[in-house]
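Here is the structure we will look at, set down as C-alpha cells.
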Amino acid sequence: MEQLAIDVGAVLSAPRLYEIAASVEAIDATRGLEPSQRLPEVHGAPHALGQAFAGLVLVLVGQGSVGMLLTLWAAQVGVRAVVAVDRALVKPTSLLTHPVGPDEIGAPKARVAGRRAKALHPRTRVYAFEGDFEELPVHVLANASCILLASDNLLCEVAVAQRALHLGVPVLQGSVHGGTLSAQVRSVYGGEDGSGPSLCCGFGPAEWAHLDAGSVFSCAGDGAGRARPAGAPTMSPPYLCSMAASATLLELTRRVTGLVPFESSAMVGYSGYGSAIHTARLERRDSCPIDHQRFARAAPDPRLAERTPRELLRAADAAGADLRRVTFRVEAQRFASHLACGCDLHPDLGRFLPRGTGKGSRGLAPCGRCGQPLAPHPLHVHEEVPAILLAPHLDDTLAALGVRPPTSVCLRTDARTTLFASPFPEEP
Amino acid sequence: MEAASHPPRPVGRAGLHDLSRIALESPYAEALADLEPTLLGRPAWVARKRVELRELFALAQLAPNRMSILGLDASTEIRALLDLRCDLSCLNPGDPDIHVERKARLFVRYPEAILRGPLPGTELVQIVEPHHVHHPNVGTAEAFGSAGPGAFASQTLCLGARIPRGLPLREALLMSYAALTLQSVQLDERDAAGVMNVDAARFWQQNPHRIPLSRETFLGEAS
C-alpha cells in the first residue's frame with residue numbers, strides 16, 4: 001500500500017517539506033513494539049536512554065550512505081521526530097553503499113529514508129525535506145534538539161555551522177575517509193552565548209580554498225542558484241560508513257543520557273588502517289569567519305502570524321528602540337515597501353511577499369497615473385527589513401501584512417537578535 | 001626590495017587600482033557620510049560595507065560618464081540602483097535582428113553571505129532596463145523572474161559559475177560591464193556553468209564576428 005505524504009510546506013514556494021504517514025501494514029507489524037524493549041540501561045548515566053530519545057527532534061542533513069542509516073536508527077530508537085534533508089535522488093551507484101533497493105532508484109533520497117524510517121517506527125513523526133539545507137525553514141531548525149550532519153559538501157557544512165550557532169542547536173557530524181579507512185565524528189555546540197566552537201573553527205586554508213573552488217552553481221535552468229560539488233564522489237565501503245553513523249549516534253547517546261554535556265565539543269576518530277582510536281577537544285578559534293552570535297529565543301508560538309510588529313518589539317525588550325536601528329527578517333518572505341511603474345513617485349505597497357516565486361505583482365492593476373504594469377520596486381524589496389519601513393504597520397498583524405504560518409521572525413537590535421518561531425512539529 | 005616589486009605608478013590620471021586612495025569629492029563624500037549612521041549589522045560587516053561603499057562612490061567619481069548611482073541603501077545588505085552606460089544587445093519580440101542599447105539600469109545587491117562562502121553567479125546583479133536583453137548569461141524575465149532578491153520579473157545577470165567568497169563590489173560591477181558588452185561571455189550551454197538563455201547563446205555562437213559589442217574599457221571614452 002502506498003504511503004501518504006502530507007504537505008506541510010506552506011512557507012515554501014514548492015511543497016518540498018512534507019510529513020510521511022505510516023502505512024497500515026507498518027502500524028500492524030509494529031503493534032506492541034517499544035524501542036525501550038531493546039534499549040539498555042547505561043551505567044552511571046543520569047538519564048534513561050529511551051526517555052532521552054523520546055523527546056528528541058532530530059534534523060538529519062544528508063541522506064547518503066552515512067545519513068540514511070542515521071535516519072533509520074533514529075526512528076528505531078524512538079525519537080520524537082526526524083527531518084530527513086537531502087535534495088538528491090537515489091542513483092544506481094547508491095546501491096553500493098546506501099540501505100536502498102533497486103526499485104528506489106530515481107526517488108528522492110529524503111523520501112526513501114523517511115518512508116523506511118516511518119515503517120520501522122510509525123510513532124516517530126517523520127518529515128522529508130527535498131531541498132538544500134539552506135532552504136530548510138527556520139522554524140523547523142529552531143525546534144530541533146540536534147542536527148546530525150552527514151554531508152560531504154563544504155558549503156552545506158558552513159551553512160549548518162552558521163545556523164546552528166545562531167539558534168543554539170548542537171551539531172554532530174559523521175564522516176569517512178576511505179583511503180585511510182577512517183571514520184570520524186565531530187560534536188560541536190556553540191553554547192548558550194555562542195562562545196563554543198563551530199564546525200568552521202577547525203577549517204584551515206585548505207578547507208576555505210576547497211570551499212571557494214569546489215562548488216559549481218549552474219545557470220542552466222533547473223538548478224539555478226544551487227551548488228553542486230565539482231569533485232569526485234566519496235569513495236568508501238558501506239561498513240566504514242556505518243562505522244561513522246554508529247560513532248555519531250554513540251556520541252549523541254553520551255550527550256542525551258548526560259554522560260557528557262553537549263558543551264563538551266570533541267572529535268572522535270577511528271582508524272581502521274592503524275586499528276586505533278583517537279580523540280581531541282574542539283575549541284573555538286577567534287578568527288573563525290562565522291558569526292558566533294547566539295540568538296535569544298522566544299517560546300514557540302502557534303499564533304505567531306497573529307502577532308503585530310509592535311508586540312514582537314515589546315517581547316524582545318525593544319519597545320522603545322530607535323526603529324532605524326532595528327530590523328525584522330521573516331522566514332521565506334521579503335517586504336516590498338513600494339511598487340515600481342512608469343511614474344517617478346512609486347506607489348506604496350507595504351506587504352510581505354513570498355521569496356522567489358514572482359508572486360506579488362500578479363493581480364495588481366496597472367498604475368492609475370502612467371498605465372504601466374506595477375511590480376515591487378527592486379530597491380524597495382527587503383529580506384531584512386529596517387523597522388522604520390514597518391512604522392505605518394506596527395499595529396497590523398503579520399498575517400494582515402501577508403505572512404502565512406508556520407513562520408519565524410528574526411528581530412535584530414544593536415543589543416541582540418531575538419527569534420520568534422512557530423512550533424515544530426505541529427500538533428497532528 | 002619593496003620598490004622593486006612595487007614600482008611607483010606613473011603620475012597622471014587615477015586608475016581602478018587607486019580606488020581605495022582616491023579622495024572622495026562632493027557629492028560622494030557627503031553621501032558616504034550620510035550613510036554611515038544607517039549601517040546596521042555586526043562590526044565586521046559594517047566595516048566591510050564602509051569599504052565597499054567608499055569604493056562604489058570612488059568608482060562613480062572616477063567614471064562619471066560610465067556609471068551613476070540612482071539609489072542606495074546599505075542599512076542591511078548593500079542595495080544599489082545604478083545606470084551603467086554600456087552597449088548591450090536586445091531583441092524585441094518579433095524583431096529579425098538584435099539592436100544595441102547604450103545604457104543599462106542595474107539593481108545590484110551585496111549580501112553579507114558573500115563573506116562566508118561563494119555565491120551563485122546570479123545573486124548580485126539584475127537588469128531593470130532595458131527589457132528583452134538578448135544575452136547568453138542574462139535570464140529572460142519569463143524564465144527567471146523567480147531568481148534574485150525581488151519578486152519583480154527582472155532579468156538576472158549571471159557573473160559566472162560562482163561568485164568568489166569576498167569578491168569586492170567594484171569587481172562585480174566591472175564584471176557586469178565586461179559581460180554586458182560581451183567582452184567576457186560564456187556561450188557554451190554544455191559548460192558546467194550553463195547558460196541562462198539558450199537562444200541567445202546560439203545566436204552569438206552563429207555571430208562571433210559581432211563579439212564584443214564594444215572594446216571600450218570601463219574607464220574608456222564614456223568615462
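In what follows, chains carry the letters A, B, and so on, assigned in the order in which the sequence lines appear, proteins first and then strands, with residues in each chain numbered from 1. Computed over heavy atoms, backbone and side chain alike; hydrogens, waters and symmetry mates excluded.
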Worksheet, complete the sentence: Interatomic distance, OG1@B:Thr38 vs CD1@A:Ile388, rounded to 0.5 Å, equals 12.0 Å
Discussion item. Need one label for B:Leu70: side chain, backbone, both or neither, based on atoms under 4.5 Å from any heavy atom in chain A.
Written reply: neither
Practice prompt. Please look at B:Pro37 and chain A and tell me whether the side chain, the backbone, both or neither of the residue comes under 4.5 angstrom of a heavy atom of that chain.
Written response: backbone
Worksheet item: Is there a donor-acceptor contact under 3.5 Å from the side chain of B:Arg79 to the main chain of A:Val381?
Response: yes
Discussion item. Please find the pair of heavy atoms, one from A:Leu155 and one from B:Pro118, that lie closest to each other, and give the distance.
Written reply: CD2-CD, 3.9 Å
Fill in: chain A contact via B:Arg42 - which portion, at a heavy-atom distance below 4.5 Å
side chain
Item to complete: Side chain from CB out, backbone as N, CA, C, O: work out which of these in A:Arg325 comes under 4.5 Å of a heavy atom of chain B, or both, or neither.
Response: both
Worksheet item: Is it the backbone or the side chain of A:Gln293 that comes under 4.5 Å from a heavy atom of chain B, or both, or neither?
Response: neither
Worksheet entry | Contact class of B:Ala80 relative to chain A, heavy atoms under 4.5 angstrom | backbone
Discussion item. Which one wins on heavy-atom pair count under 4.5 Å against chain B: A:Val385, A:Asp291, A:Thr327, A:Val326?
Written reply: A:Asp291
Worksheet entry | A:Glu384 side chain reached by B:Glu112 side chain, heavy atoms, under 4.5 Å | no
Item to complete: Would you give the length of the straight line joining atom OG of B:Ser75 to atom CZ of A:Arg324, rounded to the nearest 0.5 angstrom?
Response: 12.5 Å
Worksheet item: Taking atom OG1 of B:Thr76 and atom NE2 of A:His382, what is their separation to the nearest 0.5 Å?
Response: 7.0 Å
Discussion item. I need the minimum non-hydrogen distance between A:Pro378 and B:Val128, along with the two atoms involved.
Written reply: CG-CG2, 4.0 Å
Worksheet item: If you look at every heavy atom in A:Trp208 and B:Arg116, which pair is closest and at what distance?
Response: CZ3-O, 3.5 Å
